[in-house]
Every structure is written in structure tokens, then in C-alpha cells.
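Only one structure is covered here, and it is reproduced in the block below.
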Amino acid sequence: MNIDWAALASVFGVSLVVTVALVGLFSLGIVGLAKQASATTSGSPVRARAGAYACFALCAAAVGYGIYLIVA
Amino acid sequence: MEHITLLLAIVVVTALVFDFTNGFHDTANAMATTISTGALKPKTAVAMSAVLNLVGAFLSVEVAKTISGGIINENGLRTEVIFAALVGAILWNLLTWLVGLPSSSSHALFGGLIGAAVMSAGWSSINGGTVVTKVLLPAIAAPFVAGVAALLATKLTYRINRKITDEAQLKSTAKGYRAGQIASAGLVSLAHGTNDAQKTMGIITLALVTGGVLAPGSNPPVWVIASAGLAIAMGTYLGGWRIIRTMGSGLTDLKPPQGFAAQTSAATVILASSHLGFSLSTTQSCSGAVMGAGLGRQGGVVRWSTATRMFVAWGLTLPAAGLVGAGAEFLTKQGPWGVAVVAVLLVAGSGAIWLLSRRKPVDHTNVTEPEPAGVVTTAIAAVSPPPVGVNVPELKTTIPAPVPAPDAPADPPARPATV
């Protein structure tokens, strides 16, 4: 019996980091947009919006990479 | 398509039936949380998943070289053995669907193959070590990995959201999370179509090769790819509503941020595991992710009685499908009449399960309603301790104070507002 602990550990590590990073980014983007929409907070709304879109772009890139992994 | 014997035709049809049950058994993986958080309407969700499964079936040309991943010795595998294995897998899939429990379709297939191979050629045809590394260990690892990832992601997202308090902002963020969840669910569907439809193509191709219709090592013909893709898509569109209900609202109550965290974790784990060489079951990853997300929200509760039933089903998958597979192989060994008997038993068994399911139908109209306590549920609830729930009010939403008895359908405030 040959259990590939290294592969299991890397699946665990990669899943953990990618999931938390993606969900974190997406949450930042969503919160940024929500704050900007209500416009009560201080700071430039343009920058908040740009930041939010940057977050979403990174998430979209991750989804694109996921599709690439499935197809390849 | 010449020289297809009756037996071969039966095996092809049975493989497509297995593919179909695989589709409706696994709709829940992609769409259960999407439906329960209200991101998509039930019918829309299954339609989207079906289309993506179909697309996924055509995406990859890499055919699974071995259908069992080395668990059994596939050299000299007779067509009857494949048939017997499929019968075991189909019946177990239907049975778990009847009781609404998510369980791995691949493990059911492995179980059927193991049982049929042992009955056909003895224990030496089984690679015991591979069973542990490919089935048992992943079954423990998958929910853990996906669960921990979803748990941490849920905690993080609630932390980022802690300043969002007014009604309009909450609404806007919930909308965003639903959109994100649809993307993650789409990825899961696509990956499922690629993996599981491929599995059926592999089985049919193997049967055609053992039947002498195809040369060894050839790619599946187009009609095999198309029919496998269509079978899994039709199964997905039919929707295993019973399992969707268990996963979407039976295990825990999910809010949009949790649903997003769970689905993203599941998609990541599935893709990471299939590309880093440690294959994890889609079903088990998704169930683990849902439970992790349930625990990640303050005041979130996982219904351990339902979870326990699910774990029991996972443990039983291999031996149960194996027993049926072995029994079926015992009959098919007797000759053509044995194959006929098994085919009749398969149709009769499936019909009986379907009739039983009509007693309390679950479909797209009542999929988000609470699960009524069934016989098994109440029996287990009677012997298992109530779940330990921490009731800390989180953000501005109110959490119902008392933890209901396991699986008690009452307690309407705890339901996510799904319309």
C-alpha cells in the first residue's frame, strides 16, 4: 500500500489557500461595491469601485484557469 | 456498430442507465446550495447544470484508461462482470436517492466492480491496497479538506462583511454572493460532466473492446460520447430533488455568503484534487464544504443526525454495491438465462424504488421545504444526542434561540428565506 501523503497534503494546502483567497477577494469586491453604492463612507467612490472591479477581475481569472484545467 | 451482440447491447444500455442515475444523483453537488440560497430557481439551476454537464462530456478527449483506477485487474474482464457491476451501482444509487442521501456514484461503481470481480475470479483480482488509497482514505479526506476550506472561507467572508449592516447594503452583498455562487456551481457542473460522463464512455468502450467490436486501445466512437453526454445531462435535468433537499437545507441552513464559500471550496477541491493526483469524490467534497460553511457562520448549526446518516451511507456504499454486484455476477455466470434474470431484477428493483418514491414525491416545487422526519430519521434521532449548538447572535440577523431536535422540521425562522 502506497499512500501518496505528499499529493494529499498539496491538495489540502492548495484548496485551502485558493478557496480562502478567492472568497476573500470576492467579499472585498462585494463589500467595496456595496459601500460605494450607499456613498456614506468617506474616501473616493471611484477608487472603491476600481478596487472592487480589480477583485472581480482576479476572481474571473481564477474561473478561467479552472475552465482551462477542465479542458486541458 | 456491427456485430453487437445482445449481451453487449444490454451492457451499453445499462451503462447509459448508470450514467443517467449518476447525473440525477449528483445534481445536488453543483446545485443544492444554489437552489437553497435562492441564487437560481430550481428548474433554472438543473437546466444550467444539465447543459454544462453535456458540454463537459464533449470537452475532454482524454478517456479514462481504466474504469476502476487499478482497483481490480481489468485484463480478461468479461462483459457479464461489467454488467453485474453496473447493476450493483445503479441499485445503490437509486436506493440512496430514495432516502435522499448524497453518496459517491464512483464508489458505487467501484463497489459493484469489486463484488462482481471477486465473484467472477476470486479475491486475487482485487488490489486491496488500491481500495484503501482510492476509496477509503479519500472518503475521509474529501469532506475534511473541503470542510476546513469552506469553514475558514466563511469565517473570512463574515469578517469582511461585519461592517455591512444597513438593509440596502445587505441586499446588495447577498445579490453579489448569489452571482458568485452561480459561477462556482457552473465550474462544478462542468468538471462533473467531464469526469463522470468520461467514466461511462470508458465503461462502454471497455465493453466494446472485450466484446471484440473495437480494437484494444481505441478511442470511444462518437455515438458513445454523444449518448453518454446526453444520458448524464438528462439525468441532471431530471434533478435528484431528494438529495438536493438534504444537501441544500437538510445538513445546515445556508445564507448566500455561506453558499458561495461552500460552492467555491467544493469547486477548488475538485479541480485541485483531480490535477494534483489525489482524486477526491465530488459528492463527498461538496457535502463536506456545505457542513464547513454551516459551521463557519456564528450560530450556524450542522444537523449531525442527517450528517451521520450520510456518513453511514458512505461507509455502506462499497460493501452494499459490492454485494449486489456479486449476486448479479453469480446469476450471470449461470448463462444467458442468468443475464436475463438479472436484467429483469434490475428493472423490477428500479421500478419498485420509483414507486416507493412516488409516495412522498419531492420535486422542484417543494425542494426547499423542510424535510419531514422519516422513519430512519426518527429512529436515529431517538438514539443520538442532540447537536451542540452555539447560539450567538451574529451581525444583525437573529438566530433562533433553541436548537431544535435533530431533523425536527419545525422552527420556521431557521429556514433561509427561499422564494
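Chain A is the first sequence line, chain B the second, and so forth, proteins listed ahead of strands; every chain is numbered from 1. These numbers come from a predicted model, not from an experiment.
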The interface call for B/A141 against chain A, heavy-atom contacts under 4.5 Å, is side chain
Value for CG (B/L156) from CZ (A/F26), rounded to nearest 0.5 Å, stands at 13.5 Å
To the nearest 0.5 Å, atom CG of A/L25 lies from atom CD1 of B/I160 at 8.5 Å
d(A/L8 CG, B/S273 OG) to nearest 0.5 Å is 10.0 Å
Review point. Is any side-chain heavy atom of B/V148 less than 4.5 Å from a side-chain heavy atom of A/F12?
Key: yes
| Test item: B/L187 and A/I70 side chains (from C-beta on) under 4.5 Å apart, heavy atoms | yes
Looking only at B/V269, B/V145, B/N195, B/T264, the option with the highest number of non-hydrogen pairs under 4.5 Å against chain A is B/V145
Under 4.5 Å to a heavy atom of chain A? For B/I270 that would be neither
To the nearest 0.5 Å, atom CD1 of A/I67 lies from atom OG1 of B/T194 at 10.5 Å
key: Side chain proximity check, A/L22 to B/F260, heavy atoms < 4.5 angstrom   = no
B/A153 and A/T19 have their tightest heavy-atom pair at CB-CG2, 3.9 Å
Worksheet item: Does the side-chain hydrogen bond (donor to acceptor under 3.5 Å, both in side chains) test come out yes or no for A/S27 and B/T157, once each step is laid out?
Response: CA-CA 6 Å; A/S27 296; B/T157 183; 2.6 Å; yes
Distance col, row B/N161:CG vs A/I30:CD1, nearest 0.5 angstrom, shows 7.5 Å
Shortest non-hydrogen pair, A/L16 vs B/A149, comes out as CD1-CA, 3.4 Å
